[in-house]
Amino acid sequence: EKDGYEHFMMKEIHEQPKGLYETLTRRLNEDDTINLDGISMTKEDIENFNKVYIVACGTAYHAGLVGKAAIEKMARIPVEVDIASEFRYRDPFVDENTLFIAISQSGETLDTLAALREAKRKGARILSVVNVVGSSVARESDDVFYTWAGPEIAVASTKAYTTQLMCMYLLGLYMGHTKGVIDKDYYARFIEELKAIPDKLTELLKTEKEIEKIAKKYCRKEQVFFIGRGVDSGVSYEGSLKLKEISYINSFAIAAGELKHGTIALIEEDTLVFALATQDFLFEKMLSNIQEIKARGANVVGVAKEGNSEIEKQSTEVIYIPDCMDEVTPLLSVVPLQLFAYYVAKFRGCNIDKPKNLAKSVTVE
Ligand code: F6R
């Protein structure tokens, strides 16, 4: 059942090209328009939404951070992302003109379900992004956008995250296109980028051995930092969570520009920092952040797009992802971080598929 892989997590990491292909093609028409069949969202509905809330927990919340960037950019609607257990207790501004998006792999996370019920009570339209068909979140939503990741067994979420990202891009594109606020050429280019992702990911997975080497070198570290700007900061949170949950290493993610406001005090000789620098328009800014931490003697693993080799001067190691448009890099850049967490956990002898004290779905508050 593990298809020859030693762990479900590794199998699921390798299933991501397929999951992304499925999630995309089920929503794409021949003429590259997006079909949201089974989801009722008219032009009028979209025009009436004056706010979007994305609410989720853990990895699904991290997918929401990227979703915010996508929907705001493409559909021009303000988006708030919230952690389900926080949203519930703060009397959020939700009404009939709010689109509430719950993201959940299992569809059974109690905090997410309770937040959904609260938004529903206040009159919001409820759309959920769910992997498990017929789950509680799916049943209680007005509409469901399914991720086609297939069953996810490992406690650490991998393919659910990337397919959730795909749903968010498609939703943003659909809303922007229907509303008429997205540039035609940009739309066409974006769809082409999404179509190219499964193959690029397959290519990227071939660099697994390099990541294994990096993991071997650093597996005894007691703490690891992840930094990035823009969508790279969202991916940093996800990379950090993966590492914590399966390898039990203390890890911390922070928006790179925020480092200098305090956290940089923790960066010293030999501290390990993953610096995500995949955004072309933020690349120079990231290089100066990397320089700052390098000056303190840190080991820097840079993550950048192929071709941006300038990063090599500042980094101890560099992991390249295939070239693609800035917006979609999270679909690729998260994968080396998943692999790093996997191999570090393996070298430390951890129980990868079933980390201690964690359950696959959290049905308590
Ligand atoms: C991390 C992880 C958790 C879940 C979170 C939400 O790898 O698996 O952080 O993402 O518990 O679960 P779902 O998506 O089932 O609501």
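Just so you know, these numbers come straight off a predicted model, no measurement behind them.
Remark: Ile293 CD1 to Thr263 OG1 distance equals 12.0 Å, nearest 0.5 Å.
A salt bridge does not link Glu317 to Lys213: none of the charged nitrogens lies less than 4.0 Å from a carboxylate oxygen. We find that Glu269 and Arg296 are not joined by a salt bridge, their nearest charged nitrogen and carboxylate oxygen being 4.0 Å or further apart. A salt bridge links Glu15 with Lys159; the closest basic N to acidic carboxylate O contact falls under 4.0 Å. Salt bridge status for Arg189 with Glu192: absent, with no side-chain N to carboxylate O gap under 4.0 Å. A salt bridge links Lys122 and Asp91; the closest N-O separation between the charged side-chain nitrogens and carboxylate oxygens is under 4.0 Å. Salt bridge status for Lys216 with Glu212: absent, with no side-chain N to carboxylate O gap under 4.0 Å. By the 4.0 Å N-to-carboxylate-O rule, Asp82 lies close enough to Arg90 to be salt-bridged with it. Contact check on Glu140 versus Arg117 returns a salt bridge, with a Lys/Arg side-chain nitrogen under 4.0 Å from an Asp/Glu carboxylate oxygen. Ionic pairing of Lys43 and Glu47 is present here: one or more N-O contacts between side-chain nitrogen and carboxylate oxygen are shorter than 4.0 angstrom.
Listed by chain and residue number, Val55, Cys57, Asp111, Thr112, Ala115 satisfy the side chain to side chain contact (heavy atoms under 4.5 Å, CB included) test with Ala84 (two or more places apart in sequence, or in another chain). Considering only residues two or more places apart in sequence or on other chains, Lys200 meets the side chain to side chain contact (heavy atoms under 4.5 Å, CB included) condition with Glu193, Ala196, Pro322, Cys324, Leu332. Residues passing the ring pair (Phe, Tyr, Trp, His ring centres under 6.0 Å) test with Phe145, sequence neighbours excluded: none.
Of the N and O atoms on the side chains of Ser361 and Glu108, not one donor lies less than 3.5 Å from an acceptor on the other residue. No side-chain donor-acceptor contact under 3.5 Å links Asn97 and Asn48. Side-chain polar atoms of Thr158 and Gln16 form no donor-acceptor pair below 3.5 angstrom. Between the side chains of Asp199 and Thr202, no donor N or O sits under 3.5 Å from an acceptor N or O.
For NZ of Lys285, the number of neighbouring non-hydrogen atoms (other residues, nucleotides, ligands) closer than 6.0 Å is 12 at most.
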Stepwise side chain to side chain contact (heavy atoms under 4.5 Å, CB included) check, Val301 with Val273:
CA-CA 6 Å; Val301 179; Val273 182; over 6 Å; no

Walk me through it: do Val362 and Leu110 pass the test side chain to side chain contact (heavy atoms under 4.5 Å, CB included)?
CA-CA 7 Å; Val362 184; Leu110 197 60; over 6 Å; no

For a side chain to side chain contact (heavy atoms under 4.5 Å, CB included) check, start with the C-alpha distance between Arg26 and Glu22, then their side-chain angles and the critical distance, and finish with the verdict.
CA-CA 6 Å; Arg26 277 163 205 277; Glu22 294 289 334; 2.8 Å; yes

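Taking the ring centroids of Tyr161 and His62, they lie at or beyond the 6.0 Å cut-off. A centroid separation of less than 6.0 Å is found between the aromatic rings of Phe340 and Phe274. For an aromatic pair to be called close, the ring centres must be under 6.0 Å apart, and Tyr169 with Phe190 satisfies this. Between Phe87 and Phe100, the ring center distance clears the sub-6.0 Å criterion.
Leu170 is connected to Met74 through a chain of hydrophobic side-chain contacts under 4.5 Å among Ile, Leu, Val, Met, Phe, Trp and Tyr, so both are in one cluster. Both Tyr186 and Val328 sit in one connected hydrophobic cluster of ILVMFWY residues. Membership requires side-chain heavy atoms under 4.5 Å apart, directly or through other members. Under a hydrophobic clustering in which Ile, Leu, Val, Met, Phe, Trp and Tyr are joined whenever their side-chain heavy atoms come within less than 4.5 Å, directly or via other members, Ile77 and Ile103 fall into the same cluster. Residues Ile34 and Ile71 are members of one and the same hydrophobic cluster, defined by side-chain heavy-atom contacts under 4.5 angstrom among Ile, Leu, Val, Met, Phe, Trp and Tyr.
Other members of the hydrophobic cluster containing Val155, listed by chain and number, are Leu358; membership follows side-chain contacts under 4.5 Å among ILVMFWY residues, whether direct or relayed. Cluster partners of Phe281, by chain and number: Leu282. The rule joins Ile, Leu, Val, Met, Phe, Trp and Tyr whenever side-chain heavy atoms lie under 4.5 Å apart. Other cluster members for Tyr21: none, since no ILVMFWY side-chain heavy atom sits under 4.5 Å from it.
Both cation-pi conditions hold for Lys356 and Tyr248: the charged atom is under 6.0 angstrom from the six-membered ring centre and inside a 45 degree cone around its axis.
For the pairing with Arg27, the side chain to side chain contact (heavy atoms under 4.5 Å, CB included) check across Ile39, Leu171, Thr33 returns one residue only, Ile39.
Using modelled atom types, one side-chain atom of Lys242 and one backbone atom of Ser157 make a donor-acceptor pair closer than 3.5 Å.
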